[in-house]
Number of protein chains: 2
Amino acid sequence: MTRAERSDAARNRAAVLAAADELFATVPEPARLSMDDVAAAAGVGKGTLFRAFGNRAGLLQALWQRRYEPLRYAIESGPPPLGPETDPRQRIAAILDAILVVKLDNRHLTLAVEERSGGTSLYEQPQYQLVHQLLCDLVRAAGGGGDSELLAHLLLAAVRADLLNHLASRRGISRRRLRAALASAVDLVLEAADASPPSD
Amino acid sequence: MTRAERSDAARNRAAVLAAADELFATVPEPARLSMDDVAAAAGVGKGTLFRAFGNRAGLLQALWQRRYEPLRYAIESGPPPLGPETDPRQRIAAILDAILVVKLDNRHLTLAVEERSGGTSLYEQPQYQLVHQLLCDLVRAAGGGGDSELLAHLLLAAVRADLLNHLASRRGISRRRLRAALASAVDLVLEAADASPPSD
DNA sequence: TTGCCAACCGGGCTGTCGGTCCGGATCGCA
DNA sequence: TGCGATCCGGACCGACAGCCCGGTTGGCAA
């Protein structure tokens with residue numbers, strides 16, 4: 001049984017989240033943003049920061065979760081095209097498009113979140129595994145005859161933060177073009193998967 | 001004009017390459033392999049190591065280049081299916097398959113190479129840009145009607161080192177299954193791109 | 001063979017950063 | 001108002017990339 005958080009702890013936690021959010025939005029290179037920076041910006045000691053979030057990854061997870069929460073909810077129990085009542089193929093496209101947009105809107109943060117740090121890679125994060133599992137099911141439901149598990153990984157590889165960041169920030173490719181290309185690619189893969197029946 | 005390397009420098013350079021190759025092949029977590037470790041294993045001072053390769057990224061590049069060289073040569077001027085005389089669509093498949101295999105055979109090394117370190121991401125490496133450019137051209141030549149530049153990025157995203165490492169090492173997925181899934185995915189994308197004529 | 005100097009060697013040193021620690025302050029309940 | 005559990009904060013630690021510089025060595029010229 002975890003006891004309720006003391007009021008000062010809650011206050012500090014909120015201050016850290018706010019300051020970190022602000023920092024990640026403005027800083028040019030998220031990897032260069034140190035925990036000391038965050039603590040200083042939040043007007044809080046480093047110890048406080050680490051007690052509240054465990055480690056850097058924990059802080060990043062907390063930040064990302066707040067950003068991702070609305071989308072997660074929309075996918076789990078919202079109306080079409082994200083919600084469960086949608087045709088699988090359209091839902092896959094809608095979900096990937098939504099993820100693309102959220103990641104673009106939070107480039108630096110997602111970049112930091114997906115950064116390999118410690119021993120944990122992107123693929124071990126529960127966030128990733130959840131989406132992957134969902135996509136797996138949807139691909140199967142959409143009649144994909146191939147290796148749905150790996151295909152789901154490939155779909156998600158298309159919206160990796162560093163790729164998006166490179167294309168959008170470094171190369172200056174417009175959001176519209178990115179969305180169009182992703183939609184087209186997804187469409188092609190699923191369309192074709194549907195056209196060719198399972199071989200065994 | 002760069003002067004020729006002194007013989008002791010060449011010897012040390014070779015010792016470092018050999019030792020590092022060995023280390024990256026055996027170590028479980030390449031990110032944990034420090035420059036001190038490499039220097040010690042090579043029986044060389046750290047200063048020597050940094051003078052020879054500039055920084056960690058330089059060492060990794062040198063190691064990777066040696067591994068990648070044969071493939072690069074085969075692609076640039078070898079016989080089919082990798083060489084220039086191949087039908088574009090088959091060549092794309094062959095190149096991606098070959099890259100997949102090389103990366104699987106040098107998991108830890110490629111993992112370290114593609115690790116984002118300093119300010120440079122995978123997408124800024126000349127190695128990547130070369131392959132990307134080639135794939136671009138091939139996709140166009142294969143009659144892809146869509147955004148060939150972005151499509152080439154998506155194809156390469158399918159063989160990212162951390163994805164492969166996760167699937168092969170962590171999840172224990174067989175090489176055969178990986179190759180089959182990749183081939184199938186590539187085929188689907190190109191097949192479909194070919195079937196649907198350019199929209200504008 | 002010898003002398004000379006530029007190139008090279010090596011490992012100690014620095015700066016940075018994630019993470020820990022613990023004495024002191026604070027909260028909240030009785 | 002008293003008291004203990006909880007929390008605060010910044011000094012501290014270990015790890016690591018990269019720099020520095022006094023000492024050494026290779027290789028050319030005389």
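Both backbone and side-chain heavy atoms feed into the values below; hydrogens, waters and symmetry mates do not. Per chain, numbering begins at 1; letters A, B, ... match sequence-line order.
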Under 4.0 Å: is that the gap between some side-chain N or O of [X] and OP1 or OP2 of [N]?
X: A/S117; N: C/dG18; value: no
X: B/S7; N: D/dG27; value: yes
X: B/N12; N: C/dC8; value: no

task = Please test A/S34 against A/D37 for side chain to side chain donor-acceptor pair (under 3.5 Å), starting from the C-alpha separation and ending with a verdict.
result = CA-CA 5 Å; A/S34 74; A/D37 293 338; 3.2 Å; yes
Contact check, residues 13-30 of chain B vs DNA chain D, heavy-atom distance under 4.0 Å, returns none
The correct set of residues in residues 35-66 of chain A placing a heavy atom under 4.0 Å from DNA chain D is A/V44, A/G45, A/K46, A/G47, A/T48, A/R51
What's the [atom1]-[atom2] distance between [X] and [N], to the nearest Å?
X: B/D8; N: D/dC28; atom1: CG; atom2: C1'; result: 15 Å
X: A/R11; N: C/dC27; atom1: CZ; atom2: P; result: 7 Å
X: B/R6; N: D/dT25; atom1: CZ; atom2: C1'; result: 5 Å

A/N165 and A/R107: side chain donor to acceptor below 3.5 Å: no
- Do the side-chain N and O atoms of A/Q61 and A/Q125 include a donor-acceptor pair separated by under 3.5 angstrom? yes
Practice task
Could you give me the CA-CA distance, side-chain angles and deciding distance for B/V186 and B/D97, then say whether side chain to side chain contact (heavy atoms under 4.5 Å, CB included) is met?
Solution key: CA-CA 10 Å; B/V186 170; B/D97 183 63; over 6 Å; no
* A/L167 side chain near B/H153 side chain, heavy-atom distance below 4.5 Å -> yes
Side chains of A/R116 and B/R116: closer than 4.5 Å at any heavy-atom pair? no
- prompt: Taking everything shown except A/E69 itself, do over 12 heavy atoms lie less than 6.0 Å from its CD?
  reply: yes
Residue pair B/R32/A/A9 against DNA chain D: nearer the 5' end by closest nucleotide is A/A9
Is the ring pair A/Y128/A/Y123 parallel, tilted or perpendicular, if the boundaries are 30 and 60 degrees?
perpendicular
